[in-house]
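A short write-up of the structure that comes next.
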Amino acid sequence: MVETKKRRASNSHSLERAERRMGLIFAIPSFIGYSLFVALPMLFVFVLSVFKIDLMSNTITFQGMSYFDKLLHDDDFWKAFANTFKYLVIYVPLTLLLGLVMALILHSRVYLRGMIRAFFIIPYITTYIATLVVWNVFLHPTEGPVNSLLMSWGLNPPHYMVDTRWALPVLAVIGSWKDVGFHCLLFLAALQGVPRDLYEASSIDGANGLARFRHVTLPLISPTSFFLLLITIIGGLQAFYQMALLTKGGPAFSTTTLTYHIYRTAFEYYDFSYASAVGVILFLITLVLVLINWFGQKKWVFYQ
Amino acid sequence: MKILRTIVFSLVGLIFVTPLIWMLSTSFKYENQVFEKPFVLVHWDDINFGNYRYLLTESPVLTWLSNSLIVVVVSVLCRLLFAAVTGYAFGYLRFRYANTIFLIYLAALFIPYQLSLLPQFIAFRYIGFLDTLWALIVPNIVDILSIFLMRQFFLTFPRDFIHAAYMEGSGVVRSFVRIALPLAQSPMLTLGILSFFMIWDQYYQPLIFLKSPEMFTLPLGIHSFQTQFGHEYAKQMALACIAIVPVLITFLILQKRFVESIVTAGIKG
């Protein structure tokens, strides 16, 4: 009896060892893949930002911090930097708020829920570039359907993508329109996870709808809100499609964000080192914003 | 009350997709009807199929469509296999330091994807991947989010099933292929749908890696078409429809599954 138990134990022990050994072998492809497509490129970006690489003659020269020095004195960089934050300031709150409101709509008592939900998430699943081509014509400054309608009401509508004051906000709103379906679905899942008896308890305590939302719903969905906040910030920092297809960073540089600046310096001027330096800054900004929120979450995120 | 709410919210939803309805409507019009006043949703007496006919017969749209399909299908299959093997290693087999290494993997989710494209471009230039579909497929295989989801699945995978296979003399590889993989169908299908939509949408990578029009994927084709036929809006709308309709139909058929997949990917990711 004791004998078999012992044997079984040693059996399962050696089995575990065999599994661990095989685990390492199973993980080898991922070591290679991760090194080749994540770690090495990241390292290489840092290396590129301090070396000058000439693609024509294949020569490499050490430049020290000169690219970062150039960047700090480059007006274009600072404009792109400011534009990135302007984009975030509109895109992040708008997407989160809209997503929450849409989730609340779907969570309320309503007929045709499936249809309304489909309307809300269709922009998220459709091909981004195709929808941008549509927006380009839809917001045509003089003849597009939106402005025709506004003008027929006697208004004097803005020229959207060709107006330096309007272009960036419009791109941010289009970005929200495209992405908000994802936020809506996640908020909806979070709302559905709020236990019903908590609502009942709070209404017995005499809390009205708004108080209940503030003191019961919001804290209970805060982990989802926090996750979405991070995703939205990271996504907002990487916004690129609208600039590339609709405005090419213009008019007058007003929609050149850091990502578009990287694209232009690397793939139009072929200055990979300078683009990498800007990339390093973009990475640091992402890191700082994520860390700030990570430590800030204690103040408002409530884990059950 | 419930009816009123339904009407208001349906209208809100409808406004939300107005640009897409307008796109569909305009794709069946002639160029001189694009900005017509008053706006007519459908000219029943004279629906114009010419835009579609032109795109399908006289432009490289079908080539772009098939390029897109090749990239998506090959990428998704490779990505699924890669994620399943890796997820099994980190979630089920759990070798030494597996969790520590996995945390390092997860850190990659915070790196802007545009950064790794710079060195990729230089490397692809040397190995001759530029202007081939390989440049789009190969980097898509390694996807941290997919690995993460498969690991989560295998973390709670019933060990008895695998042990039963060991009893029958299967090794680790055999039990993975015969038992674990078939039982992982559901998360892999979810992941497959999600990846399909993500990769179908990719535009930055083709923009920098591809040069010749016969290599373009659909998003890049749409871009080049817009540059080339700047004022032929009806044709542009028809092209946008061609890009959107396949995903839209897939979505409407698989809506329930798709919604689940976004929610699980979001919550677990």
Side-chain angles (χ1 to χ4, degrees), chain A residues 15 18-20 22-24 26-27 29-30 33-34 37-38 41-42 44-45 48 105 108-112 116 118-120 122 125-131 133-135 137-138 143 145 148 182 185-186 189 234 237-238 240-241 244-245 259 262 266-267 272 275-276 279 282-283 286-287 290, chain B residues 2 5-6 9-10 13-14 16-17 19-20 22-23 35 37 39 82 85-86 88-90 93-96 98 105 108 110-112 114-116 118-120 122 139 141-142 147 166 172 197 200-201 203-204 208 219 222-223 226 233 236-237 240 243-244 247-248 251 255 259 262-263 266-267:
Chain A
L15 201 70
E19 278 191 341
R20 280 163 189 259
M22 280 310 286
L24 209 56
F26 267 61
S30 78
Y34 186 82
F37 292 100
V38 183
M42 199 53 205
F44 204 61
V45 167
L48 265 179
I105 287 180
S108 68
R109 276 186 221 113
V110 66
Y111 298 109
L112 304 174
I116 300 177
F119 281 154
F120 284 173
I122 277 174
I125 58 115
T126 46
T127 317
Y128 204 165
I129 289 302
T131 63
V133 170
V134 177
W135 277 110
V137 195
F138 203 64
E143 295 190 276
S148 308
F182 177 76
L185 285 180
L186 285 205
I234 295 173
L237 285 171
Q238 297 177 11
F240 173 77
Y241 287 23
L245 193 94
T259 43
I262 292 173
F267 301 108
F272 279 80
S276 296
L282 179 67
F283 172 68
T286 312
L287 200 65
V290 166
Chain B
K2 197 173 170 183
R5 223 182 280 151
T6 304
F9 293 158
S10 303
L14 211 56
F16 210 65
V17 292
L20 300 176
W22 188 81
M23 162 194 80
F35 296 129
K37 288 166 205 149
F39 172 77
F82 186 83
V85 170
T86 312
Y88 197 66
F90 284 88
L93 299 172
R94 284 180 238 170
F95 56 95
R96 198 195 280 241
Y105 281 11
F110 296 120
I111 303 174
Q114 283 102 340
L115 292 198
S116 56
L118 298 168
Q120 263 176 37
I122 296 175
I141 298 172
V142 183
I147 294 175
Y166 290 159
V172 175
F197 280 78
W200 183 264
D201 228 23
Y203 161 66
Y204 201 138
I208 59 175
I222 294 174
H223 178 155
Q226 193 214 21
Y233 295 128
Q236 289 180 24
M237 295 307 108
I244 286 175
V247 273
L248 201 60
F251 166 72
Q255 192 180 162
V259 168
I262 294 176
V263 170
I267 287 173

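Below, chains carry the letters A, B, ... as their sequence lines are ordered, and counting in each starts from 1.
- Not counting sequence neighbours, B:Thr6 has no partner by the side-chain hydrogen bond (donor to acceptor under 3.5 Å, both in side chains) test.
- With a 4.5 angstrom heavy-atom cutoff, B:Phe39 does not touch chain A via any of its atoms.
- Looking at A:Met22, both its backbone and its side chain come within 4.5 Å of chain B, counting heavy atoms on both sides.
- Between A:Phe240 and B:Tyr204, the ring planes lie parallel to each other; the angle is under 30°, not in the 30° to 60° tilted range.
- Contact tally against chain A (heavy-atom pairs below 4.5 Å) for B:Val259, B:Ile141, B:Leu248, B:Val247: the top residue is B:Val259.
- A donor-acceptor pair shorter than 3.5 Å can be found between the side chains of A:Glu19 and B:Tyr166.
- When heavy atoms are compared at a cutoff of 4.5 Å, B:Phe16 approaches chain A by way of both its backbone and its side chain.
- Residues meeting the side-chain contact (heavy atoms from CB on, under 4.5 Å) test with B:Val142, sequence neighbours left out: A:Phe37, B:Phe82.
- Contacts of A:Val134 with chain B are made by both backbone and side-chain atoms, with heavy-atom separations under 4.5 Å.
- Heavy-atom distances place both the backbone and the side chain of B:Leu14 under 4.5 Å from chain A.
- Contact of A:Tyr111 with chain B is made through backbone and side chain together, with heavy-atom distances under 4.5 Å.
- Taken from CD1 in A:Ile122 to CD1 in B:Ile244, the straight-line distance is 10.0 Å, to the nearest 0.5 Å.
- With a 4.5 angstrom heavy-atom cutoff, A:Val38 touches chain B only via side-chain atoms.
- Within the 4.5 angstrom heavy-atom criterion, only side-chain atoms of A:Ile116, from C-beta onward, approach chain B.
- Contacts between A:Ile105 and chain B at a heavy-atom distance below 4.5 Å involve backbone atoms as well as side-chain atoms.
- Using a 4.5 Å cut-off between heavy atoms, A:Thr286 touches chain B through its side chain atoms alone.
- For chain B, no part of A:Leu237 is nearby; none of its heavy atoms comes within less than 4.5 Å.
- Looking only at heavy-atom pairs under 4.5 Å with chain B, the residue among A:Leu24, A:Leu185, A:Leu282, A:Val137 that has the most is A:Val137.
- Among A:Val45, A:Ile125, A:Val110, the residue making the largest number of heavy-atom pairs under 4.5 Å with chain B is A:Ile125.
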